[in-house]
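Only heavy atoms go into these numbers, but all of them, side chains included; no hydrogens, no water, no symmetry mates. For clarity, every value in this text was computed on a predicted model and none was experimentally measured.
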Amino acid sequence: MITREEISILLDHPVYDGDGNKIGDAKHVFLDDASGRPEWVTVKTGMFGSSESFVPMRDAALVKDHLEVPYRKDKIKGAPNVDIDAGGHLSVDEEQRLYEYYGINWDSVLGDPAEREGGTGTGTAGTGTGTGTAGTGTAGAAGTAPEPGRTAGTPGAAGHRGEARTGPRDDAMTRSEEQMHVSVERREAGRARLRKYVVTEEVQQTVPVRHEEVRVEREPITEANRGEAMEGPEISEAEHEVTLHEERPVVTTETVPVERVRMTTEEKSEETTVRGRVRKERIEAETEMDEDSGRRGRDVPGKGRE
């Protein structure tokens with residue numbers, strides 16, 4: 001429920017429908033003369049805010065710097081026309097017609113507990129003055145003059161809705177726009193790990209090896225070796241054996257540490273482009289010419305775009 005203290009916040013600020021579409025800007029707020037509670041808000045709609053529509057405030061909500069109402073934009077733009085310059089008040093008939101248009105039961109409005117605040121006093125109802133009856137009827141009727149066909153102090157005597165005045169009216173419009181703010185957040189992008197496993201591979205190495213071979217040497221009989229040659233029988237059989245040797249490669253393995261491996265991280269900076277959508281308000285000026293001027297329609301000098 002919107003309070004009187006919040007009226008100055010929502011005036012000349014955007015009004016959005018239940019689907020998040022901007023309808024227009026709030027221009028006037030009408031209060032219940034008896035309870036002082038905000039009941040209606042007028043919204044400038046149409047091209048350049050050329051028309052003004054009434055919207056109930058009973059289910060409206062003030063969100064940051066704009067008002068949200070549970071009605072579609074086309075529904076609000078089609079609301080019955082009401083002459084808001086006629087004393088700054090809504091008559092009972094006008095209010096009933098508006099409530100019926102928005103599908104709000106008129107009897108529920110009259111029986112609203114917030115309107116039954118019982119009391120005695122005198123006040124202004126926009127069309128006259130009178131005295132309410134304590135303890136009977138509805139509190140909305142206290143301090144109001146009876147409407148034709150109605151009696152103050154009975155369930156049908158709801159008070160008029162008067163326009164809320166919060167000070168001198170400013171004819172300037174406020175143009176707002178959304179600004180995009182980009183921040184960064186740190187999140188997990190992946191994982192890296194070191195894994196040790198064993199593989200077998202073929203290696204080769206060339207090494208020199210030696211071996212012995214038999215070589216038969218013959219030498220003639222000389223005076224130096226004649227004595228050795230004449231030893232033993234003249235004719236006989238004999239054997240002489242020589243042991244041959246060779247080298248063969250012998251392969252062994254041993255485990256030795258060759259390096260230390262570890263993982264570290266380092267940060268790299270790069271430029272990335274972020275794209276988004278922001279909404280901006282545009283203000284256009286238009287001039288409506290009288291028929292006597294010889295020109296009809298709307299005149300938008302230089303299109304008046306900001």
Side-chain angles (χ1 to χ4, degrees), residues 1-45 51-84 86 88-119 123-126 132 137-144 147 150 154-166:
M1 177 66 67
I2 306 299
T3 63
R4 293 192 61 167
E5 290 73 16
E6 295 172 324
I7 293 176
S8 59
I9 301 176
L10 63 90
L11 286 178
D12 293 322
H13 281 73
V15 179
Y16 289 85
D17 67 6
D19 296 329
N21 302 312
K22 182 181 176 182
I23 307 166
D25 294 329
K27 301 305 294 183
H28 304 89
V29 172
F30 283 72
L31 309 177
D32 182 273
D33 284 345
S35 66
R37 185 180 64 183
E39 289 289 337
W40 296 93
V41 61
T42 65
V43 183
K44 284 285 189 179
T45 61
S51 61
E52 200 164 349
S53 301
F54 275 78
V55 185
M57 297 185 65
R58 55 191 297 159
D59 296 319
L62 187 62
V63 180
K64 293 185 178 178
D65 61 346
H66 68 271
L67 186 69
E68 292 185 359
V69 294
Y71 305 103
R72 295 177 63 89
K73 183 176 181 179
D74 54 355
K75 179 74 172 179
I76 294 172
K77 293 178 68 174
N81 292 326
V82 176
D83 184 9
I84 63 172
H89 282 79
L90 280 175
S91 68
V92 173
D93 291 339
E94 289 172 334
E95 188 174 24
Q96 183 175 0
R97 181 159 55 99
L98 285 168
Y99 271 127
E100 289 176 352
Y101 173 78
Y102 283 103
I104 300 174
N105 186 275
W106 179 243
D107 292 335
S108 68
V109 175
L110 299 178
D112 191 341
E115 298 244 359
R116 296 193 296 267
E117 298 175 355
T124 302
T138 61
T144 66
E147 289 292 322
R150 297 181 184 271
T154 63
H160 292 286
R161 308 305 185 191
E163 179 185 353
R165 304 290 184 179
T166 58

Practice task
Identify, with sequence neighbours excluded, every residue that meets side-chain contact (heavy atoms from CB on, under 4.5 Å) alongside Asn105.
Solution key: Asp107, Ser108
Handout entry: Thr42 side-chain N/O to Glu52 backbone N/O, donor-acceptor pair under 3.5 Å
Key = no
Practice task
Any chance you could measure Leu10, atom CG, to Lys27, atom NZ, to the nearest 0.5 Å?
Solution key: 11.5 Å
Exercise for the section: Rounded to the nearest 0.5 Å, what's the gap from CD on Glu39 to OH on Tyr99? Could you check? Expected result: 4.0 Å
Practice task
Please work out whether the ring planes of Phe54 and Trp40 are parallel, tilted or perpendicular, with thresholds of 30° and 60°.
Solution key: perpendicular
Practice task
Can you sort out the partners of Asp25 under salt bridge (Lys or Arg N to Asp or Glu O under 4.0 Å), two or more places apart, ordered by chain and number?
Solution key: Lys22
Exercise for the section: Hey, could you give me the CE/CD1 distance between Met57 and Ile7, rounded to the nearest 0.5 Å? Expected result: 6.5 Å
Handout entry: Minimal non-hydrogen separation, Val69 against Pro56, with atom names
Key = CG1-O, 4.5 Å
Handout entry: Nearest heavy-atom neighbours spanning Ala26 and Val41
Key = CB-CG2, 3.8 Å
Fill in the blank from the handout: Across all chains, not counting sequence neighbours, the salt bridge (Lys or Arg N to Asp or Glu O under 4.0 Å) partners of Arg97 are none
Exercise for the section: Compare every heavy atom of Val63 with every heavy atom of Glu68, then report the nearest pair and how far apart it is. Expected result: CD-CG2, 3.7 Å
Practice task
Check whether any side-chain N or O of Lys75 sits under 3.5 Å from a backbone N or O of Tyr101 as a donor-acceptor pair, and report yes or no.
Solution key: yes
Problem - For Asp19, side chain to side chain donor-acceptor pair (under 3.5 Å) partners two or more places apart - result: Arg72
Exercise for the section: Mind checking side-chain contact (heavy atoms from CB on, under 4.5 Å) for Glu6 and listing every partner two or more places apart, or none if nothing turns up? Expected result: Ile2, Thr3, Leu62
Practice task
Nearest 0.5 Å please: distance from the CG atom of Leu98 over to the CH2 atom of Trp106.
Solution key: 9.5 Å
Fill in the blank from the handout: Applied to residues 3-22, the ring pair (Phe, Tyr, Trp, His ring centres under 6.0 Å) test, sequence neighbours excluded, yields Tyr16-His66
Completion exercise
Taken to the nearest 0.5 Å, the spacing of Tyr71 OH from Ile23 CD1 works out to 11.0 Å
